Amino acid sequence: MKIEIKNLKHKYPSGGEALRGINTTFEGSNPVAIIGQNGAGKTTFAKHLNGLLRPTEGQILIDGESISDHTTAYWSKYIGYVFQNPDNQLFLETVRKEFEFGPKQQGLSRHEINDRIEFISDLVGLKHRLSTHPFDLNATEKKFCTIGSILMMDPKIIILDEPTCGQDVEGNQRLAKIINYLKNNDRLCITITHDMKFVVRNFDQIIVMSKGEILKSGNKYNVFSDVKTLLESHVAPPPITRVGQALRLKDISFSKEEFIDHFTRRIHQS
Amino acid sequence: MENINNSIAVLVRKLNPITKLLIVFCLGIGCLIYPLPFVGYGVLCLLVILGILIGQGKQVLKLIVGFGIPVTLMLLFIQGLYSPNNKTMIADFGFAQMGLEGTMYALKISSTLLIFLAAFYLMLQTTKNSETVAALTQSGLNMKLGYLILASLNVVPQMQRKVKVIQEAQESRGVETSGSFIQRTKAFLPLIGPVVLSSLTDAQERGMTLETRGFGISGDKPTSYIKVETTGLDIVLRMIAICFLISSLLPRIL
Amino acid sequence: MTSTLIQVNHFSYRYNQETEVALKNVHFEVASGEFVAIIGANGSGKSTLCNALVGLIPNYFVGFSEGSIIVDEKDTAAVSVGELSQTIGLVFQNPFNQLSYTADTVAEELAFGLGNRGVPREQMFSKIKEIAELIQIDELLDKNPLELSGGQVQRVALASAIILEPKILVLDECTTQLDPIGSRQIMNIIKKLNENGITIVMVDHDMERVAKLADKVYVIQHGTIVLGGTPEEVFCSPHLAEFSVNPPDYYEITKKFIKPGYSERDFALTESQAISLLQEVILYEDRNQKPQA
Amino acid sequence: MRQSFFRRFLQTQFSTKALVLIPIAVGINLIGGTLSSTLKLPLFLDMIGTVLIACLAGPWVAALCGLATNLFLSIVTNPVFLPFSIVSVLCGLVTGYLVKAGFFKNKLGVVITWLACTLTNAISAAFITIFIYGGATGINSSSLFTAALIATTKEIMLSVFSTSILENLIDKGIVFLIAYWLVKKIPRRFSSQYAPLDKDYLLKGRKGS
């Protein structure tokens with residue numbers, strides 16, 4: 001699936017400009033991270049991608065078809081959107097029922113739904129929790145319940161809004177696993193996040209937004225070596241990268257392994 | 001609350017909320033007690049004039065026309081034509097006869113309704129809810145009841161915002177909220193469900209906040225940041241309001 | 001300065017009608033002026049512990065407890081939460097659930113707790129002004145709290161807790177719903193409060209931050225404290241991984257390169273430590289290799 | 001003496017935990033109405049919150065919730081709603097006491113509660129409509145229906161009452177259906193905070209586990 005965004009602009013009814021001309025294309029299955037300060041327009045942008053918000057100007061084409069031709073409910077078959085706060089969508093008494101909800105809307109067969117539950121509940125780590133009430137889950141599990149309920153609809157593109165907020169170590173590892181699964185199964189994952197450690201570990205493509213515009217787009221090496229963009233968008237590189245930059249290592253490092261490698265070279269070259 | 005700053009508006013805004021409540025009450029009840037409906041319409045005219053003076057004329061008139069006229073017509077139909085008290089017939093419509101007693105009754109009810117409506121509206125436009133509650137708690141209303149009124153007024157808009165977000169979240173899960181009648185009916189539960197469940201958890205947390213801020217601890221008499229004053233004008237107006245109420249009683253007693 | 005402010009004595013707790021206990025034999029002490037961090041996986045009982053410290057357990061929540069918690073010589077089970085709020089304040093995750101919903105302005109919001117306490121109106125003004133300056137919300141005082149951003153509301157929540165002049169502040173993941181700038185502002189204020197003598201108990205997932213700020217760290221798992229001590233002791237523990245906690249990244253990258261003789265320390269837990277330590281390493285290596293070159 | 005009784009009554013019935021439920025129950029009541037109008041359903045559905053709160057926190061909290069709902073409506077939309085607070089209060093009490101007596105545990109009980117509440121609502125609302133408003137509170141489908149009935153039967157009382165009961169049967173029926181469905185969805189973690197304490201000791205766990 002391919003999403004083309006052409007000169008997308010969005011104005012609030014109050015008159016403020018939230019998006020000021022965005023041009024980009026999403027294609028393939030390399031996961032994309034959208035970063036930037038609060039108020040940069042990340043969520044407003046993402047909400048256009050499944051038709052929740054309609055462009056004031058410009059257009060969005062999904063495989064050549066204009067997004068405005070159908071409702072969000074129609075697009076939900078192809079594009080899944082996981083909201084930041086799980087409480088905004090959970091309302092059934094067991095995790096299993098939450099998982100069944102989406103596919104039932106699509107009219108999938110009982111058999112197929114059960115197969116998917118089997119697989120998805122394992123992927124999101126809730127296999128042993130299927131008969132639990134979603135509100136009895138802890139913060140991590142609750143988040144994965146909402147992610148699972150969207151994955152159950154098997155969308156080609158999935159948008160995650162701040163999935164890392166309030167997550168513990170295990171939650172972050174599981175998220176990484178899910179993002180990797182999506183990548184390997186030809187599904188595109190677009191994620192909004194503030195957690196730079198998480199970004200550099202899991203995303204091939206990064207979009208930096210600021211004041212309703214795309215400031216920079218590229219891989220982590222391009223983005224985090226561009227000091228001007230980082231300053232302008234108030235994005236701080238992950239801790240390891242900062243240490244590397246402070247020590248003036250020649251190559252930029254994003255993981256402990258990379259750092260150790262680069263630092264070893266630094267002390268041996270001297 | 002619109003900020004019209006002519007001297008009368010400022011004066012009305014400065015009145016003690018209890019004075020205003022008392023005036024609303026006395027005007028309404030007074031007109032209800034007085035046997036003829038015309039006093040009520042007179043008072044209503046005065047209220048409209050007051051509304052115009054403090055820059056709310058348009059809204060008050062809109063209220064009277066939009067709500068008052070239909071109600072009056074309806075009441076005239078029900079009471080004027082079919083009241084069991086009708087004895088003196090004043091008009092004949094063929095299918096029913098119009099009675100004087102019922103017509104008078106209908107007019108009185110509608111005038112009282114409109115006075116309450118207009119006076120209450122003007123009061124709300126010129127008073128902050130928090131001031132009213134502060135005034136009431138200072139004259140003995142239980143803290144908890146005061147909290148309830150204010151919290152309800154503030155929580156509900158917050159919840160309505162939440163409904164919007166939930167609607168988006170459920171549309172993203174394939175819930176059609178704008179399709180056929182059956183589709184729309186089906187959408188009701190996925191929308192109200194998260195509202196109820198998440199609001200319950202919110203309420204629990206808000207309770208924690210109240211407790212840790214010492215809400216309802218026994219012992220100290222609570223104080224308020226909002227100062228409500230009772231001026232000489234307040235006392236004069238209160239006396240006039242009560243006099244109005246008593247004088248409306250006179251024709252009944254005499 | 002080393003007097004004990006909080007004393008948790010073999011405290012256990014189970015919520016009403018739950019099968020599992022939420023806290024099991026928790027036992028630790030907090031000294032006056034300390035900055036304590038509580039870390040652990042989600043669902044391990046961190047929030048329950050916070051609620052117990054401020055007296056919401058057992059006074060607000062329904063359940064069963066054993067053991068006791070003594071806060072500033074008061075048994076939390078014996079006094080009301082309201083009374084305890086003069087000693088210990090709580091700020092938690094969701095900013096908008098920490099408003100009283102009775103106030104039209106931030107100033108009224110701050111006055112809510114004072115009003116419940118019966119503080120005369122004249123005294124409210126000076127207190128509100130003082131706290132608003134401390135928490136940097138003076139320009140918000142006349143705004144409607146419901147129209148502020150999450151970060152601003154969280155600062156208002158912090159101010160509403162501080163204005164009651166507690167000796168201890170309990171922070172339950174109070175920055176998770178904020179963006180990096182918002183949480184940095186909050187953390188700076190908290191640091192300042194701690195420097196002013198307020199004891200802090202903070203639940204957090206950000207290990208870099210915990211290592212930088214905390215005097216003591218407790219790791220909690222399945223409702224029990226499994227590890228405790230200074231950040232150095234805790235993050236160097238060989239068992240850390242068993243409790244689903246990772247040390248700050250700085251630890252591993254420095255540990256790897258520090259050989260005896262480089263420096264007094266042999267690992268770093270904060271960014272500045274890491275940079276200065278590794279600079280020493282570079283200097284040392286440069287010096288040692290030059291003669292051979 | 002009366003003052004202190006009232007105080008004590010407030011203390012026991014309206015703990016902070018119960019009190020904070022009222023604003024959100026008011027919200028649920030109103031949102032039921034707004035939702036059904038945004039979804040263009042021909043219903044009011046303005047009592048869901050009151051029924052829920054009756055199940056969680058008892059009759060008096062539910063009654064107060066009814067009062068607060070009408071107070072809200074009269075402040076925000078139209079003071080006409082104020083006298084109808086009595087209706088909401090009575091409905092809250094009736095529902096609350098029936099729930100307390102265990103009527104909400106099975107479907108038959110829900111039907112009984114529904115009928116009881118409908119009757120309470122219809123009778124009290126009809127009384128207020130007639131004695132305070134003289135028969136109509138505005139022009140809408142129900143008052144037009146009332147007018148038509150009056151024109152044919154010539155009986156004001158009977159007409160207002162029949163309109164009221166018809167309207168309520170359907171509306172409250174759906175309210176109770178939704179509320180019953182929602183009550184079952186309330187997580188135990190939450191409802192147990194309003195339930196009486198179970199009797200087992202702390203570390204022994206619950207019976208049967």
Side-chain angles (χ1 to χ4, degrees), chain A residues 35-40 42 84-85 87 129 136-144 162 164-173 192-197 233-236 238-249 253-264 266-270, chain C residues 15 18 39-47 93-94 149-151 173 175-184 205-209 240-241 243-246 248-257 268 270-279 281-290 293:
Chain A
I35 61 175
Q37 223 189 322
N38 268 13
K42 303 185 302 280
Q84 183 176 358
N85 186 354
D87 292 357
R129 296 293 241 165
D136 285 337
L137 299 173
N138 71 45
T140 310
E141 293 171 323
K142 221 184 204 178
K143 191 89 200 186
F144 284 110
E162 304 277 6
T164 46
C165 119
Q167 288 292 19
D168 51 15
V169 176
E170 220 186 294
N172 275 325
Q173 284 165 353
I192 298 175
T193 180
H194 286 304
D195 186 340
M196 294 308 138
K197 256 196 209 179
S233 60
H234 296 278
V235 168
I240 294 268
T241 315
R242 282 209 300 267
V243 174
Q245 285 169 339
L247 293 171
R248 298 171 193 281
L249 297 186
S253 22
F254 291 109
S255 65
K256 284 176 270 192
E257 294 72 29
E258 267 181 335
F259 181 89
I260 289 169
D261 183 36
H262 296 159
F263 193 75
T264 318
R266 166 70 183 85
I267 52 182
H268 288 311
Q269 76 160 36
S270 54
Chain C
Y15 287 102
E18 292 287 324
I39 56 177
N42 277 336
S44 57
K46 300 185 301 284
S47 294
Q93 211 183 88
N94 187 343
S149 74
E173 298 194 34
T175 59
T176 11
Q177 299 203 355
L178 311 180
D179 64 338
I181 292 181
S183 35
R184 214 173 308 138
H205 283 300
D206 185 336
M207 293 308 133
E208 278 82 22
R209 197 154 70 189
L240 200 57
F243 312 129
S244 4
V245 175
N246 288 339
D249 286 348
Y250 310 117
Y251 175 74
E252 277 178 55
I253 57 166
T254 46
K255 191 86 182 161
K256 176 94 184 167
F257 292 103
T270 66
E271 187 176 331
S272 55
Q273 279 176 5
I275 293 170
S276 66
L277 259 182
L278 291 171
Q279 266 162 351
V281 174
I282 293 175
L283 275 176
Y284 184 92
E285 292 291 338
D286 284 356
R287 238 181 293 136
N288 275 7
Q289 288 177 10
K290 251 177 207 149

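Just the heavy atoms: all of them, side chains too, but no hydrogens, waters or symmetry mates, feed the values below. Numbers restart at 1 for each chain; the letters A, B, ... are given by sequence-line order, proteins then strands. Source: prediction; values computed, not measured.
- Checked against salt bridge (charged side-chain N to carboxylate O under 4.0 Å, His left out), Arg184(C) has no partners two or more places apart in sequence or in another chain.
- Of all the heavy atoms in Asn138(A) and Asn42(C), the pair that sits closest is ND2-O, 3.3 Å.
- One finds the CD1 atom of Ile39(C) at 11.5 Å from the CG atom of Asp168(A) (value rounded to the nearest 0.5 Å).
- Rounding to the nearest 0.5 Å gives a distance of 8.5 Å between CG of Asp179(C) and CD of Glu162(A).
- Gln167(A) touches chain C through backbone and side chain together, each having a heavy atom under 4.5 Å away.
- Arg266(A) CZ to Ile282(C) CD1: the interatomic distance, rounded to the nearest 0.5 Å, is 4.5 Å.
- Looking only at side-chain heavy atoms (C-beta outward), Val245(C) and Val169(A) stay at 4.5 Å or farther from each other.
- Once rounded to the nearest 0.5 Å, the distance linking NE2 of His205(C) with OG1 of Thr140(A) reads 6.5 Å.
- Smallest separation of non-hydrogen atoms from Phe257(C) and Ile267(A): CD2-CD1, 4.0 Å.
- Atom CG of Asn94(C) and atom CG of Asn85(A) lie 7.5 Å apart (nearest 0.5 Å).
- Taking a 6.0 Å sphere around NZ of Lys255(C), one finds it holds more than 12 heavy atoms contributed by other residues, nucleotides or ligands.
- Of all heavy-atom pairs spanning Gly166(A) and Thr176(C), the tightest one is CA-CG2, 3.2 Å.
- For the set Pro239(A), Gly39(A), Ala246(A), Ser255(A), the count of heavy-atom pairs under 4.5 angstrom toward chain C peaks at Pro239(A).
- Atom CD of Gln279(C) sits about 9.0 Å away from atom CZ of Arg248(A), to the nearest 0.5 Å.
- Arg242(A) has no carboxylate O lying under 4.0 Å from a charged side-chain N of Glu208(C), or vice versa, which leaves the two without a salt bridge.
- Looking at every heavy atom in both residues, Ser244(C) comes nearest to Glu170(A) through OG-OE1, 4.4 Å.
- Contacts of Thr264(A) with chain C are made by both backbone and side-chain atoms, with heavy-atom separations under 4.5 Å.
- Contact of the Phe259(A) side chain with the Asp249(C) side chain is not registered, since no non-hydrogen atoms from C-beta on lie closer than 4.5 Å.
- When side chains are defined from C-beta on, Phe263(A) counts as touching Leu278(C), because their heavy atoms get closer than 4.5 Å.
- Of all the heavy atoms in Leu247(A) and Ile275(C), the pair that sits closest is CD2-O, 3.7 Å.
- With sequence neighbours left out, Lys142(A) forms a salt bridge (charged side-chain N to carboxylate O under 4.0 Å, His left out) with Asp87(A).
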